[in-house]
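Each chain gets a letter, A, B and so on, in the order its sequence line appears, and its residues count up from 1.
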2 protein chains.
Amino acid sequence: MTLTKADKRQAAEKREFLARYRPANFPRPSVTVDIVVLTIVDAELRVLLVKRKEHPFKGQWALPGGFLRVGDGKKNQGEDLDVAAARELEEETGLKPNLAYLEQLYTFGKADRDPRMRVVTVAYYALVRPDLVPLVRSGGDAAEASWFAVPSLRKTTLAFDHAAIIAKAIERIASKLDYSNIMFKLVPQTFTIPELRSVREIITGAPQDRGNFRRRVARMIEDKIIEQAPGKRITTSKPATVFRFCQKR
Amino acid sequence: MTLTKADKRQAAEKREFLARYRPANFPRPSVTVDIVVLTIVDAELRVLLVKRKEHPFKGQWALPGGFLRVGDGKKNQGEDLDVAAARELEEETGLKPNLAYLEQLYTFGKADRDPRMRVVTVAYYALVRPDLVPLVRSGGDAAEASWFAVPSLRKTTLAFDHAAIIAKAIERIASKLDYSNIMFKLVPQTFTIPELRSVREIITGAPQDRGNFRRRVARMIEDKIIEQAPGKRITTSKPATVFRFCQKR
DNA sequence: TAAATAGTGTCTATAAGACATTATCTC
DNA sequence: GAGATAATGTCTTATAGACACTATTTA
């Protein structure tokens, strides 16, 4: 491939344009990443919240999150959005990115959702297996953090529009229960069918027939999505068979 | 409810904090809104693209979009994200917001997706009924714009990551075909069952059995989602019954 | 009347809902 | 053996796929 004179002129024009370019003068919003960290412990859906140390909403509970790191110029444009979410998750919970299921949820960008300045937040949700919850160091980033039962939040006023973000996350997760493997992100590495069913009931808020649910799980066993695993639950009656997820998680 | 001394102190503290607050000094990204404007004309899925007049990607085709207006301070924080999308749509197509179906798609935020500076773009998709396509003034915003058949774009290199954004939009729409009324946004105000079926086939890229599809539509008629409408198509064989969507659209 | 497409009907497979019954484990 | 829960089975209903067949309109 040869460069014509026109090609060279255009390349030069482009270099010049980019060199001369100054990021637009009009104001920009701040961009944050907020994470709805969810787990299920004691048959209860819980979300991780941090207590705000500064205004606005000082002393109130909020989603963990923080500013997208943007770098300082053309040379360094900072971190990818997904990387920012993984970083925030690790900073606030101590969980390495591969230990939680992290997915973008929705972007919230109403004016005045932050009284200080214009902030657009890209919300993610993270699902943490209950057996990993002990690894979560509450108050990692020098911020007070703790798990809240989601239903109990009706009595609490959260900072910003974070209550709406949590609601949207749960709605999204519920809608994905039936056509994804998302529910395996909310049980321990080994689990029983009744435990799985409980996850479903807690997320949807509706009871699920035991027999019908088993039938679905039976198909997953046939399809080698899950397999029997060693181990036993300590119960006061008949213990359920223990399974594990087949693919790496 | 009475204010205690502590309440008053806290309120004062808050006012002071907000007055003193200076938006963070660390750099911010630009935030844009890009819109995947789709329609179906002549049994072909088409997307509206605009030709870039400036570097980078000068002369290449790109999604219509623009910067989120942020206002200039605390007093005015600018427009909601959704409003920005509706505004951009109208600016670039002339379509009033209520004439197209507009929904947030996904937020794309990889570093270096724009060589000039850090740009996070919140992508939306807009579905335009084919009978409204004539209202779209190509090149509205003094920019050259035109409709492209989506399959033909495989040969074209689009600006930025816009090809990936279009792909994601189509994937999302395909996934919503079966549990939403989204396909009615891609047929004229009155339509026939074969026309509806064609929409489905074009979006999914897979053939759909006529009888089976009719059966589904028949259920929608029973459920009063659509109803028969006056009119007739000019055809060279038996003309199909014409329907309209019941709810306001 | 021929061509073409609209529209109908049927058989089968899959999966969910509702609900009854049996099996197995712990104490 | 009692209590409790796991596990299985059955009947019904809803829906999709595949495919054959009939009806109606235009030229």
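B:Ser180 places no side-chain N or O within 3.5 Å of a backbone atom of B:Leu177 that could act as its donor or acceptor partner.
The nearest whole Å value for the distance from the CZ atom in A:Arg219 to the C1' atom in C:dA13 is 12 Å. Between B:Arg233 atom CZ and D:dT26 atom C1' there is a gap of 17 Å when expressed in whole angstrom units. Whole-Å rounding puts the A:Arg216 CZ to C:dT14 P distance at 16 Å. Atom-to-atom, CZ of B:Phe213 to P of C:dT8 comes out at 14 Å; the value is rounded to the nearest Å. Computed from coordinates, the B:Ile193 CD1 to C:dG7 C1' distance equals 8 Å when rounded to whole Å. Computed from coordinates, the B:Phe243 CZ to C:dA6 P distance equals 12 Å when rounded to whole Å. When rounded to the nearest whole Å, the span between CG of B:Asp209 and P of C:dT12 equals 17 Å. Going from atom CZ of B:Arg214 over to atom P of D:dT24 covers 13 Å, rounded to whole Å.
Ring orientation note: the planes of A:Phe108 and A:Tyr106 are nearly perpendicular, at an angle over 60° on the 30°/60° scale.
Here the nucleotide nearest the side chain of B:Lys238, chosen from D:dA16, D:dC19, D:dT25, is D:dT25. Comparing atom distances between the B:Ser237 side chain and each of D:dT15, D:dT25, C:dA16 picks out D:dT25 as nearest. For A:Ala240, the listed nucleotide lying nearest its side chain is D:dA7; candidates were C:dC27, D:dT15, D:dA7. The side chain of A:Pro194 has D:dA7 as its nearest neighbour among D:dA7, C:dG17, D:dT25.
Counting non-hydrogen atoms under 4.0 angstrom, A:Thr192 reaches nothing in the nucleic acid.
Side-chain contact annotation: B:Glu103 with B:Tyr125, donor-acceptor N/O pair under 3.5 Å present.
Between A:Asp80 and B:Lys110 there is no salt bridge, since no side-chain nitrogen of the basic residue lies less than 4.0 Å from a carboxylate oxygen of the acidic one.
Side-chain nitrogen and oxygen atoms of A:Lys232 include none within less than 4.0 Å of the OP1 or OP2 phosphate oxygen of C:dT24. For the pair B:Thr241 and C:dG7, the criterion of a side-chain N or O lying under 4.0 Å from OP1 or OP2 is met. Neither OP1 nor OP2 of C:dA16 sits under 4.0 Å from any side-chain N or O of A:Arg215.
Within 3.5 Å, a donor on the side chain of A:Arg210 pairs with an acceptor on the base of D:dA6, or the reverse. Side-chain N/O atoms of B:Asn212 and base N/O atoms of D:dA18 include a donor-acceptor pair closer than 3.5 Å.
Centroid-to-centroid, the aromatic rings of B:Phe184 and B:Phe191 come within less than 6.0 Å.
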